[in-house]
Amino acid sequence: MKKTPGPIMLFLLLCIGLLAIFPLVGDDFYTELITKIMILSIFTISLDLLIGFTGLISFGHAAFFGIGAYFLAIFFQDAEQINYWWALTLTLSGTALASLIVGWICIRTSGIYFIMLTLAFAQMFFYFFFESPHFGGDDGIFISSKPDLSIAAEELVDLGNEHHFYYFVLTWMVAVYLFLSMVLRAPFGYILVAIKANEQRVRALGYSTQYYKLVSFVIAGTIAGLAGFLEAAHTSFVTPAYLSWHESGIAIMMVVLGGMGTLFGAVIGTFAVVFLQDLLPAITDHWQIIMGGIVIAIVLFLPNGIAGALYSLHALLNKKGLAKADADD
């Protein structure tokens, strides 16, 4: 993972600061909307680990988002009180196991075969929950209570309070970003980037590329399960649509538009797409056409996404600054 320039890092810190003060001044509707966006951002960050750094394009990543949500719903559907720590541990363990099994099979392929295999697994999970009356079928499952985040009978965060939940999700989003940044700056992360660039050369150096890809797949799937857990806890409702390949497709679009291989680009792409989906319908009934035009324009004129444009702007300003300094000398 390349080092984030100082000005861009300051921009990111400013954005986090704005997110931190928004509930104090913003409308309740947009507070809830941004909570949803931050949950989706955790999901897209995990997908960027696969696409942007490992070179694995998964069209079934939403399956782990849905599995994480369903674990909370199935085991705690009618519970009067949900212990947050047990629920989170169970959800992440189950999602990690599912991603381990799916990943162990899928990483034996590559390219279009990997894409189709991940899509096939996602559709299997989707139809399993869609057609199973024991798990709500196509109606989904309602959760009767919110997780109780307490230690020694002392409540730390009231997850039933929308503002508290907002800051809870913001903390998780920043923590996931910092965790993956740390992982990608370690030797493990450099090997993932090398595998994306040229897997054969990495294998020739003696590394087991399948092992590294599997670990990356499990980490990404587990984080996607965390996002699903947060979404289920937020809405108290789970539906098979969470596992749909459409959700994976939209997430891929968010990662590409935001900028692959940057992590924060996935967050920017998620905010951009969701806000456009919210604002454009108020302008015209044919907002999908405008949305499609915007996506096409970004792909054509910003091939490295919005984050790539920020890096290019920083490089351009640096070049002009050096040229001016040389002229003054």
Side-chain angles (χ1 to χ4, degrees), residues 1 42-71 91-131 176 179-180 183-184 186-228 240 242-256 260-261 263 266:
M1 181 178 179
I42 295 173
F43 174 54
T44 54
I45 287 174
S46 69
L47 184 59
D48 192 26
L49 174 64
L50 289 182
I51 298 177
F53 294 94
T54 318
L56 299 175
I57 303 175
S58 173
F59 239 100
H61 199 58
F64 305 114
F65 179 88
I67 289 173
Y70 265 101
F71 260 97
T91 299
L92 296 186
S93 299
T95 311
L97 178 60
S99 57
L100 176 63
I101 295 172
V102 173
W104 185 79
I105 297 172
C106 292
I107 63 166
R108 282 163 168 70
T109 62
S110 60
I112 189 65
Y113 304 102
F114 177 86
I115 296 173
M116 296 305 297
L117 204 53
T118 56
L119 175 60
F121 272 108
Q123 289 301 95
M124 287 170 57
F125 286 122
F126 170 79
Y127 282 109
F128 172 78
F129 288 110
F130 185 85
E131 298 177 353
V176 167
F179 168 74
L180 288 182
V183 168
L184 291 168
F188 174 81
Y190 288 107
I191 294 174
L192 291 184
V193 175
I195 289 174
K196 179 187 176 185
N198 194 317
E199 184 175 353
Q200 291 182 345
R201 288 188 178 181
V202 176
R203 193 183 298 116
L205 290 173
Y207 292 98
S208 175
T209 57
Q210 287 193 351
Y211 165 78
Y212 284 92
K213 290 193 293 183
L214 178 58
V215 174
S216 176
F217 195 93
V218 172
I219 292 174
T222 305
I223 294 175
L226 167 65
Y242 287 169
L243 300 94
S244 170
W245 68 270
H246 296 88
E247 298 299 321
S248 296
I250 293 173
I252 290 174
M253 181 178 71
M254 291 173 175
V255 172
V256 171
M260 295 185 296
L263 293 184

- Which word best sums up how the rings of F217 and F114 line up, parallel for under 30°, tilted for 30 to 60°, or perpendicular for over 60°? perpendicular
- Query: Do the ring planes of F64 and H61 sit parallel (below 30°), tilted (30 to 60°) or perpendicular (above 60°)?
  - Reply: perpendicular
- Message: Is there a side-chain contact between L49 and L192 in this structure, where contact means two heavy atoms from C-beta onward sitting under 4.5 Å apart?
- Response: yes
- Item | Minimal non-hydrogen separation, S216 against T54, with atom names | OG-OG1, 2.8 Å
- Taking the side chain as C-beta and beyond, is there a heavy-atom pair between Y70 and P240 under 4.5 Å? yes
- Message: Is it true that, when you exclude I57 itself, more than 12 heavy atoms of the residues, nucleotides or ligands shown sit nearer than 6.0 Å to its CD1?
- Response: no
- Message: Could you tell me if the side chain of L47 sits less than 4.5 Å from the side chain of F43, heavy atoms only?
- Response: no
- Message: Minimum heavy-atom separation for A266 and V255, please, with both atom names.
- Response: CB-CG2, 4.3 Å
- Query: Could you state the interatomic distance from CZ (F71) to CG (L97), rounded to the nearest 0.5 Å?
  - Reply: 7.5 Å
- For side chain to side chain contact (heavy atoms under 4.5 Å, CB included), just list the numbers for D48 and L180, CA-CA rounded to whole Å, side-chain angles, deciding distance to a tenth of an Å, and then say yes or no. CA-CA 10 Å; D48 192 26; L180 288 182; over 6 Å; no
- Query: Looking at side-chain heavy atoms only, is the closest gap between F53 and L263 below 4.5 Å?
  - Reply: yes
- Residues, nucleotides or ligands: over 12 heavy atoms within 6.0 Å of R108 CZ: yes
- Query: Can you name the closest pair of heavy atoms from A96 and V218 and give their distance?
  - Reply: O-CG1, 4.1 Å
- Can you name the closest pair of heavy atoms from T91 and G68 and give their distance? CG2-O, 3.3 Å
- What heavy-atom pair brings L243 and A63 nearest, and what distance separates the two atoms? CD2-O, 3.8 Å
- Message: Do Y212 and V202 make a side-chain contact, defined as non-hydrogen atoms from C-beta onward lying under 4.5 Å apart?
- Response: no
- Residues forming a ring-ring contact (aromatic ring centres under 6.0 Å, His included) with Y211, sequence neighbours excluded: none
- State, with a plain yes or no, whether a side-chain heavy atom of I105 is found less than 4.5 Å away from one of F121. yes
- Task: Taking the side chain as every heavy atom from C-beta outward, state whether Q123 and W245 have any atom pair closer than 4.5 Å.
- Result: yes
- Message: Do M253 and V256 make a side-chain contact, defined as non-hydrogen atoms from C-beta onward lying under 4.5 Å apart?
- Response: no
- Shortest non-hydrogen contact between A62 and S244, atoms and distance: CB-O, 3.6 Å
